[in-house]
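Below is one structure, written out as structure tokens; the observations come after it.
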Amino acid sequence: MEIKFNDISKQWDVIKEDVTPKLNLLFQNSDFIGGKAIAEFEKNFADYIGTKYAIGVSNGTDALKICLASFNLESPCGVIIPANTYIATALAITYLSNLNSELKLIDCDIYYQMDVDLLEKCLKENRKKWKSCVIIPVHLFGHPSNIEPIMELANKFDCIVLEDSSQAHGAMVSNKKVGVFGEMSAFSLYPGKNLGACGDAGIITTNDEVLYDKAQSLKNFGSREKYYYDYRGWNNRLDTIQAIILNEKLKYLDEWNEKRIEIAKIYNDLLDNLNTIITPKTASYVNKNVCHIYAIRVKKRDELQKFLRKNQIPTIIHYPIAIQKTTPFQYLDVNDNKNTLQYADELLSLPIYSFQKEEEIKYITDIIKKFYL
Ligand SMILES: Cc1ncc(COP(=O)(O)O)c(C=O)c1O
């Protein structure tokens, strides 16, 4: 059986009848930049997440960068992120060339989220030396970070919180969706995400009108009115074609998330009794883990990955090289973050997407069992 890691074409099968006439109309009107589909998607996404505003942008990395640039951060500025995340979370601050920033990496807990005790320790040790401070929790793998205690610490230590919700569209804590907790939240809409465009795209959410206005301006050269500029901004607009597609896909996001949750449960049921495998767990503070990635932890990970590949089962490692070991961030000279380093050697993400069939999951888990026999 040939298995796909993700099959996004299945989403296209669902939306194409509704999307095609809209795309035809767009081509007829040639309303390609800043068309009305963008404002529509921004409104629909803000309503879905539960914020007052949303700002469509070019991708998730630019979303993070624009949020950081909206905050009026003062140098020296501390930027605290989880050690185990996609590199974009760390790169975002490096694009603000006028800011003197110090990046701090916090190790992850058993749910692969920023460890709150270590965050508190970092703030106690460092907050006083910084004029401003941003904490960027990442809701990794579809599982929310422990965001409420993080918000309390942010309050206590006078920090801004920027959620990186790129992997957790629709995930919930205390009956609220991630993306409503921090001052701003950045979402990637990369094709493979739970809500994914047909190319690069991203979106920002916020309840703050001033931040909303600034982010709308920054993503459009620093301008809210054509040829009048308030900031040195970027060309980081959301593409109108993507907005049309995303508007359609958003209608199915909850349904598709529920399917992922079902699939993760089937995986757990089939793998939980194997003592060689640590399956993903959901913390008790979580209302909804949207299972963006299904990552197991195993010994002999690389051998297992090869064995699966030989059996036509693709897998991915999120992430094989911890940020502190990547070339751009080696200068940090960080050697701790024990969990992150260990998990980089043990994590293996199995195929998961909303249209996966139960027999495929059974096949994958049978091959895994065969490897460990
Ligand atoms: C946690 C996280 N942050 C940021 C990004 C960057 O998003 P993009 O690829 O849309 O720039 C991604 C995804 O790629 C991500 O997974």
Side-chain angles (χ1 to χ4, degrees), residues 5-6 8 41 45 54-69 79-96 103 105-106 108 111-114 134-145 147 150 161-171 178-179 181-182 184-205 215 218-219 234-239 241-243 245-246 249 260 280 289-295 316-323 326 328-329 340 343-344 347 349 352-353:
F5 190 81
N6 192 354
I8 303 168
F41 177 58
F45 194 77
I55 305 113
V57 293
S58 36
N59 56 61
T61 312
D62 290 333
L64 288 164
K65 176 191 73 182
I66 288 169
C67 292
L68 291 167
V79 179
I80 308 178
I81 69 168
N84 184 34
T85 179
Y86 185 57
I87 195 163
T89 319
L91 283 173
I93 194 67
T94 67
Y95 304 135
L96 305 194
L103 192 65
L105 305 173
I106 305 293
C108 59
Y111 307 106
Y112 312 116
Q113 311 303 317
M114 179 186 268
V134 189
I135 304 168
I136 315 182
V138 180
H139 308 293
L140 202 73
F141 299 166
H143 183 296
S145 312
I147 189 72
I150 291 175
V161 174
L162 163 57
E163 293 172 76
D164 184 343
S165 309
S166 296
Q167 300 192 2
H169 319 71
V178 304
F181 293 92
M184 295 182 109
S185 174
F187 292 81
S188 167
L189 301 167
Y190 180 85
K193 302 297 191 205
N194 288 30
L195 179 65
C198 295
D200 277 311
I203 195 159
I204 295 164
T205 54
L218 284 171
K219 70 133 198 244
W234 296 276
N235 179 356
N236 282 167
R237 294 177 297 236
L238 173 63
D239 187 273
I241 295 176
Q242 301 306 337
I245 290 163
L246 288 159
K249 286 197 183 182
R260 282 177 180 273
N289 168 358
V290 291
C291 304
H292 172 57
I293 300 287
Y294 186 85
I316 298 182
I317 297 166
H318 297 97
Y319 296 95
I321 304 167
I323 293 200
T326 60
F329 293 103
T340 296
Y343 297 168
L347 279 168
S349 304
I352 187 166
Y353 60 96

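Both ligands and their constituent atoms are indexed starting at 1 by order of listing. These values consider heavy atoms only, across backbone and side chains, with no hydrogens, waters or symmetry-generated copies.
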- Tell me, yes or no, whether the heavy-atom count around I321 atom CD1, taken from other residues, nucleotides or ligands under 6.0 Å, exceeds 12. no
Has ligand 1 got any nitrogen or oxygen that is less than 3.5 angstrom from a nitrogen or oxygen of [X]?
{"X": "Y190", "result": "no"}
{"X": "L64", "result": "no"}
{"X": "D164", "result": "yes"}
{"X": "D200", "result": "no"}

- Message: Within the structure provided, determine whether I204 and K219 are in side-chain contact (heavy-atom separation under 4.5 Å).
- Response: no
- Message: I'd like to check the side chain to side chain contact (heavy atoms under 4.5 Å, CB included) partners of A243; sequence neighbours left out, ordered by chain and number.
- Response: A37, I38, F41, L238
- Query: What residue and atom, counting heavy atoms only, is the protein's closest point to atom 12 (C) of ligand 1, and at what distance?
  - Reply: Y86 CD2, 3.5 Å
- Note on the structure: Residue, atom and distance of the protein heavy atom nearest atom 11 (O) of ligand 1 read T61 OG1, 2.5 Å
- Query: Name the one of I203, L189, V290 that satisfies side chain to side chain contact (heavy atoms under 4.5 Å, CB included) with L195?
  - Reply: L189
- Have a look at E163 and tell me which of T205, L64, I147 forms a side chain to side chain contact (heavy atoms under 4.5 Å, CB included) with it. I147
Can you list the ligand 1 atoms lying under 4.0 Å from a non-hydrogen atom of [X]?
{"X": "K193", "answer": "12 (C), 13 (C), 14 (O), 15 (C), 16 (O)"}
{"X": "Q167", "answer": "1 (C), 16 (O)"}
{"X": "G60", "answer": "7 (O), 8 (P), 10 (O), 11 (O)"}
{"X": "A88", "answer": "4 (C), 5 (C), 6 (C)"}

- Query: Do H143 and N289 have side-chain N/O donor and acceptor atoms under 3.5 Å apart?
  - Reply: no
- Examine the proximity of ligand 1 to V138 and report which part, side chain or backbone, both or neither, has a heavy atom under 4.0 Å away. side chain
- Would you call the rings of Y86 and Y319 parallel, tilted or perpendicular, where under 30° means parallel and over 60° means perpendicular? tilted
- Message: Using the side-chain hydrogen bond (donor to acceptor under 3.5 Å, both in side chains) criterion, which residues pair with N6? Sequence neighbours excluded.
- Response: none
